[in-house]
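Take a look at the structure set out below.
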Amino acid sequence: MQLSDQEIVRRKALEELVKLGINPYPQAEYKVNAYAKEIQEKFTENDNHFQEVSVAGRIMSRRIMGAASFGELMDSTGRIQIYVKRDEICTGKDKTMYNTVFKRLLDIGDFIGVKGYVFVTKMGEITIHVKDITVLSKSLRPLPIVKEKDGKVYDAFSDPDQRYRQRYVDIIVNESVRETFAKRAQLIRSMRDFLNNKGYLEVETPILQPIPGGAAARPFVTHHNALNIPLYLRIANELYLKRLIVGGYEGVFEFAKDFRNEGMDRFHNPEFTQMEMYVAYKDYLWMMKTTEQMIEKITVNLHGTTKVQVGDNVIDFKAPFNRISILGAIEQYTGIDVSDLNENQLREVCKQLNIGTDVSMGKGKLIDEIFGEKCEPNYIQPTFITDYPVEMSPLCKRHRNNPALTERFELMVNGKELANAYTELNDPIDQRLRFEEQIRLAEKGDNEAMYIDYDFLRALEYGMPPTSGMGIGIDRLVMLMTNQPSVQEVIFFPQMRPEKLMKVYNSDDFKTIGVPDLWAEHIINAGFAKPDDLAGEKPTVIQQKLNGYRKKNKLQIAAIQIDEITKWIENLK
RNA sequence: GAUCCGUUAGCUCAGCAGGUAGAGCAUUUGCCUUUUAAGCAAAGGGUCCCGAGUUCGAGCCUCGGACGGAUCACCA
């Protein structure tokens, strides 16, 4: 492994700690009785609070001035300044703990525990006056140094690639990232509370499914050895949740990880979280009200107001949200009434509007295309789009006033779909026909049309009460609520192409061409990363470089001779 | 999948008509007992993403590749 100079320094410090009898990775519990945030919030100079604190965390900065030092310690709640004075942590004659351990062997990133009392410095900063330091864990890699003053961040650790691949570093160094994920947790808690308060049952259903139903998307396939069958990672949990409604639960919900084997971009991660809920005896009108109430409540819980800044827009989640039918929306933005058009006429309209189509698209898909192209981006404020054509909603009940439509809504916010809901189809005969229609579409080449789940049909045949169901994208909701421009910012470990490790050569690679052990240790550091690098150089140049390195580092080995080097180069060929 | 942009020290980023690779922070050493992104001073630190080519000479130019970002396409 090639180490940078800073990593070498830290490894040496580690060895020295051990020599001093200090275990850099101790086993024992370190008892903590206070946290940074708590001290910052509650300490006042007149009280006798916090006079014997014990705090543990990472050293995030140090300012050493002779026999006294300031530093910042970061624990799970935030940062607090520490003041370390030599004669306070070394009460006897031996000043090693300060001079050597604290000043030289500890680094930014190391975990320590400190005991002491809290006071306020002349500069007015709440600070722990340290009387005792315990090394808790040595850090061998230097952290990025991010500094901040008056809300302005300097030298931010900002490369998305590194931040997502090494999220642990991102959350050490970027406080706002920790806040985003804290908000995510709070949002989910708030939604769960809302649903629990209604008395619905939180359930878990299979992620490995023999038939990937409930949505139209390409699934990931895996294989079960014992059963010797393919299994799919779920694209939705809808059909399982509806089985539970058949089973007699009044309301069920699940926070579900779903998996879709499709493109990745800033709105799509292959695995994402959806909350789906189903409630018996309700319809989509009720569900609209419930959805807007739930989102309003979550927003207020998170922000104390219904208004949220998202990019350049302020979005107001105050219920009720606007409602418009999909055909009405199309008429609004294109001036064309498409409600009575057949497939060919729709194709004509698409052409006229400059929307690409292909033969696999049925009537439903064509309407969806027009809406997606001409209408969807316009709905910035929360808007329910309702009453979708029957062809694009195979699990949804037909509209009570128009059998060509369904009782479905999608919630659009900031020009994107956030939630999707139905008055669920519970007529088993109609459901079977709709599945069969999907199969016909599949044969036309729509690779997202559904498989038929016969057990689900069997369940419906036992009878499912009238039910309304809704799915809401948690990642997208978190993006809105935290004003983040991409899903990758709200998922701890977004999917990335695997890191490609470059072949790293070591001393053994040099030994194979005849470099003696003593030199093989040093040759990489002397500037030859791999054996082939020797081939491009004249032997005399190599000799100079190696012997120069020997002199500079005062190596206790004999100077290298030119004929040796010539032999290595011959061995290379 | 297409187009554009990026990849240089641990981190953030400069660099040029092709001529010995730079800054700030971090690191090391010395001085300094209350500092506030940054005390003062000095020093060390690089596979300029990888590979091929052009050239006397490539971080820079050409071609190919890797990875990332943005936009578009795809997308119930």
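Between the C1' atom of B:rG10 and the CD atom of A:Gln166 lies a distance of 11 Å, rounded to the nearest Å. For the pair A:Asp161 CG and B:rG69 P, the interatomic distance rounds to 7 Å; values are reported in whole Å. Between A:Met60 atom CE and B:rA37 atom P there is a gap of 16 Å when expressed in whole angstrom units. Per the geometry, CZ belonging to A:Arg260 stands 10 Å off C1' belonging to B:rC75, to the nearest Å. Here the P atom of nucleotide B:rU33 and the CZ atom of A:Phe102 are 16 Å apart, to the nearest Å. Atom pair A:Glu7:CD and B:rC11:C1' shows a separation of 13 Å (rounding to whole Å applied).
Proximity note for A:Pro394 (side chain, C-beta onward) versus B:rA76, B:rC11, B:rC67: the nearest is B:rA76. With distances taken from any side-chain atom of A:Ser4 to the nucleotides B:rU36, B:rA76, B:rG10, the minimum falls on B:rG10. Checking B:rC75, B:rU71, B:rA38 against every side-chain atom of A:Arg63, the shortest atom distance belongs to B:rA38. Each of B:rG68, B:rU34, B:rC75 was ranked by its minimum atom distance to the side chain of A:Arg497; first place goes to B:rG68. Closest contact between the side chain of A:Asp265 and the listed nucleotides B:rU33, B:rC74, B:rU35 involves B:rC74.
Using a 4.0 Å heavy-atom criterion, one finds that A:Phe157 contacts the sugar-phosphate atoms exclusively. Across all strands shown, A:Glu417 has heavy atoms under 4.0 Å from sugar-phosphate atoms exclusively, and none from any base. Nucleic acid contact for A:Phe119: base, since at least one base atom lies under 4.0 Å from a heavy atom of the residue. Residue A:Asp87 is out of contact with every strand shown, counting any heavy-atom pair closer than 4.0 Å.
Base pairing annotation: B:rU55 forms no Watson-Crick or G-U wobble pair, as no partner gives both donor-acceptor distances under 3.5 Å. Under the Watson-Crick or G-U wobble criterion, with both distances below 3.5 Å, B:rU34 has no partner in any strand shown. In this entry B:rC72 has B:rG1 as its Watson-Crick or G-U wobble partner, both defining distances falling under 3.5 Å. Pair assignment for B:rA66 gives B:rU7, based on Watson-Crick or G-U wobble hydrogen-bonding distances that are each under 3.5 Å. Base pairing of B:rA41 is made with B:rU29, judged by Watson-Crick or G-U wobble geometry with both donor-acceptor distances under 3.5 Å.
Place A:Glu125 and A:Pro144 on RNA chain B by their nearest nucleotides, and A:Pro144 ends up nearer the 5' end. Ranked by how close their nearest RNA chain B nucleotide is to the 5' end, A:Arg266 and A:Glu391 are led by A:Arg266.
Contact annotation: A:Arg408 side-chain N/O to B:rA76 OP1/OP2 distance is not under 4.0 Å. At least one side-chain nitrogen or oxygen of A:Gln162 sits closer than 4.0 Å to the OP1 or OP2 atom of B:rC11. In terms of phosphate contacts, A:Lys365 brings a side-chain nitrogen or oxygen within less than 4.0 Å of OP1 or OP2 of B:rA76.
Judged by atom type and distance alone, A:Ser69 does not reach the base of B:rU35 through any side-chain donor-acceptor pair under 3.5 Å.
The heavy-atom pair separating A:Leu418 from A:Leu477 by the smallest distance is CD1-N, 3.6 Å.
Tested against A:Asp170 for a side-chain hydrogen bond (donor to acceptor under 3.5 Å, both in side chains), the candidates A:Arg165, A:Gln162, A:Arg178, A:Arg163 yield a single pass: A:Arg163.
Looking at A:Asp107 and A:Pro142, their side chains never come closer than 4.5 Å, going by heavy atoms from C-beta outward.
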Return the polar atom pairs (N/O with N/O) between nucleotides 25-32 of chain B and the protein under 3.5 Å, or none.
residue, atom, partner, partner atom, Å
B:rC25, O3', A:Lys147, NZ, 3.0
B:rA26, OP1, A:Lys147, NZ, 3.1
B:rA26, N3, A:Gln6, NE2, 3.0
B:rU27, O4', A:Gln6, OE1, 3.4
B:rC32, N3, A:Gly66, N, 3.1
B:rC32, N4, A:Gly66, N, 3.1

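Centroid-to-centroid, the aromatic rings of A:Tyr333 and A:Tyr379 come within less than 6.0 Å.
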Determine, stepwise, if the pair A:Glu276 / A:Tyr278 fulfils side-chain hydrogen bond (donor to acceptor under 3.5 Å, both in side chains).
CA-CA 7 Å; A:Glu276 288 198 44; A:Tyr278 292 82; 2.7 Å; yes
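Listed for the A:Asp94 side chain is a donor-acceptor partner under 3.5 Å among the backbone atoms of A:Thr96.
Ion pairing of A:Lys397 with A:Glu407 is absent here, as no side-chain N (NZ or NE/NH1/NH2) approaches a carboxylate O to less than 4.0 Å.
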